[in-house]
J.: 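One structure, pasted below without further comment.
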Amino acid sequence: MKTTRSKSPASNNKSASGKKKGIFRNGWLKLVLRVVKLVFIVFVLGSLFFVILYRFVNPPVTWLMIQRGFERKADGKDWKIDKQWKDFDDISLSMKRAAVAAEDQTFLENHGFDFNAIEKAYEKNSKSKKLIGGSTITQQTAKNVFLWPGRSIIRKGFEAWFTVLMDIFWSKKRIMEVYLNEIEMGDGIYGVEAAAQAYFHKPASQLTNREAAAIAVIFPNPLKWSATNPSDYLRHRQYLIMKNMRRLGPLEF
């Protein structure tokens with residue numbers, strides 16, 4: 001007659017303990033996934049909300065402006081955000097042409113990205129320590145309005161997301177209007193109206209081709225470069241921008 005041995009209490013305890021740990025781990029995993037899902041939904045809905053909102057409402061301030069303000073305070077300077085919003089029609093055509101000629105000559109044709117420019121920038125950056133950008137005006141506006149300053153893959157990913165949304169919900173006219181009003185143009189100076197007043201003592205509506213090109217040439221590094229005291233390099237860049245301005249066809253926004 002065969003007899004069966006019951007499992008020892010120790011074995012039962014180990015089994016129960018393993019089950020509890022498994023349930024505990026699964027519970028935490030489900031919680032983490034729910035949180036990630038919630039954050040993703042909030043981000044998507046929030047980004048959609050602000051992109052659509054800023055289609056009609058002018059952005060009041062950017063992360064860069066706030067950061068620069070604290071940097072000035074840290075240097076013992078006064079808080080300064082010199083910014084005067086101007087509607088699209090109150091900005092000279094010369095300034096719009098200079099921006100396109102300097103930063104994104106396919107602006108009116110592309111859908112937020114210029115893949116040829118990105119490829120060229122990648123090839124040059126792989127061979128040189130001096131980084132150059134291949135961002136379009138739409139990408140730069142997305143970065144300026146919605147994101148923090150800096151370079152990282154994560155920020156680039158967010159930039160691409162906002163670029164797609166802006167290309168869908170904003171017109172080219174609106175993108176250019178916001179771009180020219182939010183871009184950093186000097187120490188505490190933002191937008192072409194403040195830049196025109198600071199550098200040439202006139203409104204942005206009255207900028208000439210040469211003056212507009214002088215402003216556009218400092219877009220990449222406005223804290224180190226000057227529109228009124230350019231180096232030989234900047235003078236050459238200004239000449240090239242003016243040359244490109246003449247080559248551009250009509251800008252039909």
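One is the number of the first residue; the rest follow in order along the sequence. Quick note: numbers below take in every heavy atom, side chains included, and nothing from hydrogens, waters or symmetry partners.
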J.: Restricting to non-hydrogen atoms, name the atom on I241 and the atom on A98 that form the minimum distance, rounded to 0.1 Å.
T.: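 Shortest heavy-atom contact: CG2-O, 4.0 Å.
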
J.: State whether the number of non-hydrogen atoms from other residues, nucleotides or ligands found under 6.0 Å of D232 atom CG is greater than 12.
T.: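 No, CG of D232 has 12 or fewer neighbouring heavy atoms, counting only those of other groups under 6.0 Å.
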
J.: Heavy-atom distance under 4.5 Å between the side chains of E159 and K156, does that happen here?
T.: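 When only atoms from C-beta onward are counted, K156 and E159 do touch, with a gap below 4.5 Å.
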
J.: Please answer whether the main-chain N or O of Q139 pairs with a side-chain N or O of T136 as donor and acceptor at a distance below 3.5 Å.
T.: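 Side chain of T136 to backbone of Q139: a pair is present.
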
J.: Could you report the tightest heavy-atom contact between L234 and S226, atom names first, then the distance?
T.: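 Heavy atoms only, the tightest pair is CD1-O, 4.1 Å.
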
J.: Quick one: does K96's side chain get under 4.5 Å of L248's, heavy atoms only?
T.: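 No, too far: nothing below the 4.5 Å cut-off.
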
J.: Decide, yes or no, whether a salt bridge links E71 with K77 under the criterion of side-chain N to carboxylate O below 4.0 Å.
T.: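 So E71 does not pair with K77 through a salt bridge.
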
J.: Can R68 and D187 be counted as an ion pair, charged N to O under 4.0 angstrom?
T.: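 Judged by the 4.0 Å cut-off on N to carboxylate O distance, R68 and D187 do not form a salt bridge.
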
J.: Does a side-chain N-to-carboxylate-O contact under 4.0 Å join K202 and E211?
T.: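 The answer is yes: the pair qualifies as a salt bridge.
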
J.: Between CG of L207 and CZ of F200, what distance do you get to the nearest 0.5 Å?
T.: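 Rounded to the nearest 0.5 Å, the CG-CZ separation comes out at 7.0 Å.
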
J.: Has I154 got more than 12 heavy atoms of other residues, nucleotides or ligands less than 6.0 Å from its CD1?
T.: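 Count not over threshold, so no.
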
J.: Can you give me the closest heavy-atom contact between M242 and A213, atom names plus distance?
T.: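 Of all heavy-atom pairs spanning M242 and A213, the closest is CG-CB, 3.5 Å.
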
J.: Without swapping roles, check the side chain of R155 against the backbone of L147 for a donor-acceptor pair under 3.5 Å.
T.: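 Between the backbone of L147 and the side chain of R155 there is no qualifying donor-acceptor contact (under 3.5 Å).
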
J.: Applying side chain to side chain donor-acceptor pair (under 3.5 Å) to N209 and S94, what does each step give before you reach the verdict?
T.: CA-CA 5 Å; N209 284 355; S94 293; 2.5 Å; yes

J.: Between N181 (side chain only) and E177 (backbone N and O only), is there a donor and an acceptor less than 3.5 Å apart?
T.: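 Present.
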
J.: How far apart are the closest heavy atoms of Q238 and A214, and which atoms are they?
T.: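 Closest heavy-atom pair between Q238 and A214: NE2-CB, 3.7 Å.
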
J.: Shared ILVMFWY cluster between V164 and F40, side chains joined below 4.5 angstrom?
T.: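 The answer is yes; both residues are in one hydrophobic cluster.
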
J.: Mind checking whether F107 and F253 have parallel, tilted or perpendicular rings, split at 30° and 60°?
T.: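 Correct class here is tilted.
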
J.: Is it the case that over 12 heavy atoms from other parts of the model lie below 6.0 angstrom from the CH2 atom of W225?
T.: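 Yes.
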
J.: Shared ILVMFWY cluster between I91 and I189, side chains joined below 4.5 angstrom?
T.: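 Yes, one cluster joins them.
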
J.: Is there a donor-acceptor contact under 3.5 Å linking the side chains of Q197 and Q84?
T.: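 Short answer, no.
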
J.: Taking D87 for its side chain and D89 for its backbone only, find out whether a donor-acceptor pair lies under 3.5 Å.
T.: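 Between the backbone of D89 and the side chain of D87 there is no qualifying donor-acceptor contact (under 3.5 Å).
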
J.: Tell me if the CD atom of E109 is crowded by more than 12 foreign heavy atoms within 6.0 Å.
T.: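 More than 12 heavy atoms, drawn from other residues, nucleotides or ligands, come within 6.0 Å of this atom.
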
J.: Is a side-chain N or O of E182 found less than 3.5 angstrom from the main chain of Y190, in a donor-acceptor match?
T.: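 Judged by distance alone, no pair lies under 3.5 Å.
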
J.: Hey, quick one: are L108 and W170 part of the same hydrophobic cluster, counting side-chain heavy atoms closer than 4.5 Å, chains of contacts allowed?
T.: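 Cluster IDs for L108 and W170 match.
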
J.: Could you label the plane-to-plane angle of the F50 and Y54 rings as parallel, tilted or perpendicular, counting under 30° as parallel and over 60° as perpendicular?
T.: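 If you compare the ring of F50 with that of Y54, the planes turn out tilted.
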
J.: Within 45° of the axis and under 6.0 Å from the centre of the six-membered ring of F158, does NZ or CZ of K143 qualify?
T.: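 Checked: cation-pi criterion not met.
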
J.: Go through Y179 and Q140 one step at a time and tell me if the side chain to side chain donor-acceptor pair (under 3.5 Å) criterion holds.
T.: CA-CA 8 Å; Y179 175 72; Q140 292 180 48; 3.2 Å; yes

J.: Of the non-hydrogen atoms in P59 and R174, which two are nearest, and what is the gap between them?
T.: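 Smallest interatomic distance, heavy atoms only, reads CD-NH2, 4.2 Å.
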
J.: Looking only at heavy atoms, which two atoms of A142 and T163 are closest? And how far apart?
T.: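 Here A142 and T163 meet closest at CB-OG1, 3.8 Å.
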
J.: Step through the shown structure and confirm whether more than 12 heavy atoms of other residues, nucleotides or ligands are within 6.0 Å of CZ on R72.
T.: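 Yes, the 6.0 Å shell around CZ holds more than 12 heavy atoms from other groups.
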
J.: Kindly say whether A204 contributes a backbone atom to a donor-acceptor pair with the side chain of S92 at under 3.5 angstrom?
T.: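 Between the backbone of A204 and the side chain of S92 there is a qualifying donor-acceptor contact (under 3.5 Å).
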
J.: Would you say V57 ends up clustered with V145 if hydrophobic residues are merged whenever their side chains have heavy atoms under 4.5 Å apart, either directly or through other cluster members?
T.: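 As far as the 4.5 Å side-chain criterion goes, V57 and V145 are connected within one cluster.
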
J.: Return the orientation label for the F43 and W161 ring planes: parallel under 30°, perpendicular over 60°, tilted otherwise.
T.: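 The rings of F43 and W161 sit tilted, inter-plane angle from 30° to 60°.
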
